[in-house]
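To start, the structure itself, in structure tokens.
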Amino acid sequence: MDSMLQMLLVSHCTSSNEELRNILEVLTRFTSTQNKTVQARALNRVWKLSYFVTRGFWQESFAKFVPPSQRTNIICMTLEAIGECSAEDREWASLMLDVVLRDPVSWMMDVPEILEFIWRNLGSNSTSLQPTLYTVLDVLTNQFPRDVLISVLTDLPHSDSTTMDIWKRMLSLAENSEVILDVLCSVLQDQELCGIFNVTPAELGLLRLTVVHPTEENLQELCKPAVLQRLLKIESLPILWLVLRGLVLLSERPETAIGIRDLLPDVMETLRFANTSIALKASKISRNVMTHVGKREARPIVVELAEKLLPLFSHVSSEVREGSILLFKDVMEAAVWWQKRNMRKTVHRGLLPLLFQMSDETPSVAEGEFGKHSSSWDVCVWCHLPASVALQASGEALVRCAKFLNWKELKRQAKRKGKMEIKECLLRQDRQTANEYLWLSLPYLQNSQASLRYEAVEFIGLALQHSGHQSREKLNVICSALQPLRGDAHPAVRSVATGVIQKCQGQKAEPTRRRFKGLCCWPC
């Protein structure tokens, strides 16, 4: 059928366009049928016909032959072909996409639908299509800035990281386009949008100051803590990103940093979205404020801030990990005697994560000199790296924790950076504490960094020695958690995991051996 259509078009290439219009009209009727199979076949024929036509005679005017309701479908099928189809189909699809991008007004009429397609495919595991999707997004934003901005804020999921990526891409265009910037400022004062977020146009409109040049006058107008606190409650990553962007600007100046000090708990509350961009800004704001306001002014919020920081020690972003650990150290130094009692539990809970982060593969997160007080992991795995590996943040914070807790032995070992000695120091307290540390270390077995997986397995092996007898059920849980590491990509991890599993299995067999021995010794 495809060949017949092409021959018919070639034979009529010098006549009127009526034949093309008639063919597309017939095919289009089938694209709205209730039969999904027929619908898909008809749409595929329209799409294939589009390829043929765009290579031929009607490139510039082809859109007018396609009903508006089907133009978006053709765009989506074209993008899918670029990402998944054969080399020949990809070549055709690229040609078709070029036609679409040259005439976005005619083709990109359904902004929400196209934007939803971009969002859905950017969030997939496939990366081959991402550059093309971002190109389409750029053209869409430049051509229909208001429609795209409104659609991102209202149609896409508010708390989704892919929505955040799209928003950041659009704002990067706004930085170089006064037209898009002006539209953004107008959108932020849109009455209907403000109604959705339950704020006034004056309140949401304040965020326009976060995307313009930060003059003295603009920053003074932006520094309205009560309004910013209300905006921090909005459940929308794009809006929160703008609020935090403004707070970063205010936190960089001593005179405005003190005005937003009381907002730090609200700022740290945004971490619940588990978004890296949000976490980076939140930790940066907190550190800037702590630096500028001084320990005395920071004291009212240090206990709450310390609690919020602990989950960030193992964040996927190395920048977030480093920033949160350094901030944790600052928070401990700011606490006064009457706050320390409330903070002791939090500091104790931070010891194990800080110990593991001393083996972070990111230089600035961990600390120490390579080859000095190194573990078996260091010797086996890191021998190909430069002799010096910086582990600054966690090592320094661990020393500060020991000082805070008045734990002299831990402080001495932390200063020496002896990881094995620190592990022993933590586990020697008592059996109950050793048992708690054992269970707290299990999540690190799934860490993306092999060095941290190794340290966690090694720690579990030591904890089993110090925690006393474990029930068969608990040993089964530990073995199940360790089992996947027997196939780990890193030989050192596989080796230490196998050894600890054997130790667990040995402990499970001990009660049976003891019972058997007792039976043998029973008097006749």
Side-chain angles (χ1 to χ4, degrees), residues 108-112 114-116 118-119 137-160 163-253 256 259-260 263 266-267 269-270 273 275 277-278 281-282 285:
M108 298 183 173
M109 302 174 70
D110 192 344
V111 169
I114 296 172
L115 198 56
E116 195 273 338
I118 292 172
W119 169 82
L137 177 63
D138 291 349
V139 172
L140 196 66
T141 303
N142 282 306
Q143 192 63 52
F144 310 103
R146 185 176 182 83
D147 292 341
V148 176
L149 288 166
I150 291 286
S151 185
V152 170
L153 292 172
T154 58
D155 297 326
L156 298 186
H158 292 170
S159 303
D160 182 78
T163 302
M164 185 76 232
D165 293 337
I166 290 173
W167 181 254
K168 287 167 61 180
R169 177 77 175 205
M170 291 162 57
L171 289 193
S172 69
L173 296 176
E175 290 174 357
N176 300 305
S177 169
E178 288 189 15
V179 173
I180 299 177
L181 191 60
D182 289 343
V183 171
L184 175 60
C185 292
S186 171
V187 165
L188 291 172
Q189 298 175 78
D190 182 83
Q191 189 76 42
E192 186 176 347
L193 184 66
C194 293
I196 292 173
F197 294 129
N198 196 27
V199 291
T200 67
E203 289 172 332
L204 194 61
L206 189 68
L207 296 182
R208 76 188 188 283
L209 299 171
T210 68
V211 293
V212 297
H213 185 67
T215 63
E216 178 73 26
E217 183 182 355
N218 286 341
L219 290 176
Q220 288 298 328
E221 184 181 352
L222 179 62
C223 192
K224 293 180 179 176
V227 176
L228 294 172
Q229 186 175 40
R230 181 168 169 77
L231 294 175
L232 281 169
K233 307 294 184 184
I234 294 177
E235 299 280 327
S236 167
L237 285 182
I239 295 298
L240 284 177
W241 192 82
L242 287 178
V243 180
L244 295 177
R245 176 173 169 145
L247 289 171
V248 167
L249 295 173
L250 296 174
S251 72
E252 290 171 343
R253 299 157 53 91
T256 49
I260 62 171
L263 298 185
D266 297 284
V267 168
E269 192 62 31
T270 62
F273 292 101
N275 180 270
S277 297
I278 295 294
K281 290 191 180 300
I285 292 163

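Counting begins at 1 with the first residue of the sequence.
Of all heavy-atom pairs between Phe144 and Met108, the closest is CE1-O, 3.2 Å. Listed here is the closest heavy atom pair of Pro201 and Gln189: CB-O, 3.8 Å. Between Cys185 and Val211, the shortest heavy-atom distance links the atoms SG-CG2, 4.5 Å. Here the shortest heavy-atom pairing between His158 and Phe197 reads CE1-CE2, 4.0 Å. What you find for Leu209 and Leu222 is that their closest heavy atoms are CD1-N, 3.8 Å. Minimum heavy-atom separation, Lys281 to Arg245: CD-N, 4.0 Å.
Inter-residue side-chain proximity for Leu204 and Leu207 is flagged as met; some heavy-atom pair is nearer than 4.5 Å. Using a 4.5 Å cut-off on side-chain heavy atoms (C-beta onward), Arg169 and Asp138 make contact. Counting only heavy atoms from C-beta outward, the side chains of Leu115 and Asp155 never approach each other to under 4.5 Å. Looking at Met170 and Leu149, their side chains come closer than 4.5 Å, going by heavy atoms from C-beta outward. Annotation: side chain of Leu242 is in contact with side chain of Leu171 (closest heavy-atom distance under 4.5 Å).
In this structure, the separation between CZ on Arg146 and CG on Asp182 is 12.0 Å, given to the nearest 0.5 Å. Taken to the nearest 0.5 Å, the CD1 atom of Ile118 stands 10.0 Å off from the CD atom of Glu116. With rounding to the nearest 0.5 Å, the separation of OG1 in Thr210 from CG in Leu219 is 11.0 Å. Rounding to the nearest 0.5 angstrom, the gap separating the CG atom in Leu263 from the CD1 atom in Ile285 is 9.0 Å. A distance of 8.0 Å separates OG1 in Thr154 from CD in Glu192, rounded to the nearest 0.5 Å. The CG atom of Leu181 lies 11.5 Å from the CG atom of Leu173; values are rounded to the nearest 0.5 Å.
Although no hydrogens or angles enter the test, the distance criterion places no donor-acceptor pair under 3.5 Å between the side chain of Ser151 and the main chain of Val148.
In terms of the side chain to side chain contact (heavy atoms under 4.5 Å, CB included) criterion, residue partners of Asp160 (sequence neighbours excluded) are, by chain and number, Trp119, Pro157, Thr162, Thr163.
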Show me the side-chain donor-acceptor pairs of residues 227-239 shorter than 3.5 Å, one per line, residues at least two apart or across chains.
{"from": "Gln229", "atom 1": "NE2", "to": "Asp266", "atom 2": "OD2", "distance (Å)": "2.9"}
{"from": "Arg230", "atom 1": "NE", "to": "Glu203", "atom 2": "OE1", "distance (Å)": "3.2"}
{"from": "Arg230", "atom 1": "NE", "to": "Glu203", "atom 2": "OE2", "distance (Å)": "3.4"}
{"from": "Arg230", "atom 1": "NH2", "to": "Asn198", "atom 2": "O", "distance (Å)": "2.7"}
{"from": "Lys233", "atom 1": "NZ", "to": "Asp266", "atom 2": "OD1", "distance (Å)": "2.8"}
{"from": "Glu235", "atom 1": "OE2", "to": "Arg272", "atom 2": "NH2", "distance (Å)": "2.6"}

Apply the test side chain to side chain contact (heavy atoms under 4.5 Å, CB included) to residues Asn142 and Val139: give CA-CA distance (whole Å), side-chain angles for both, the deciding distance (0.1 Å), then the verdict. CA-CA 5 Å; Asn142 282 306; Val139 172; 6.0 Å; no
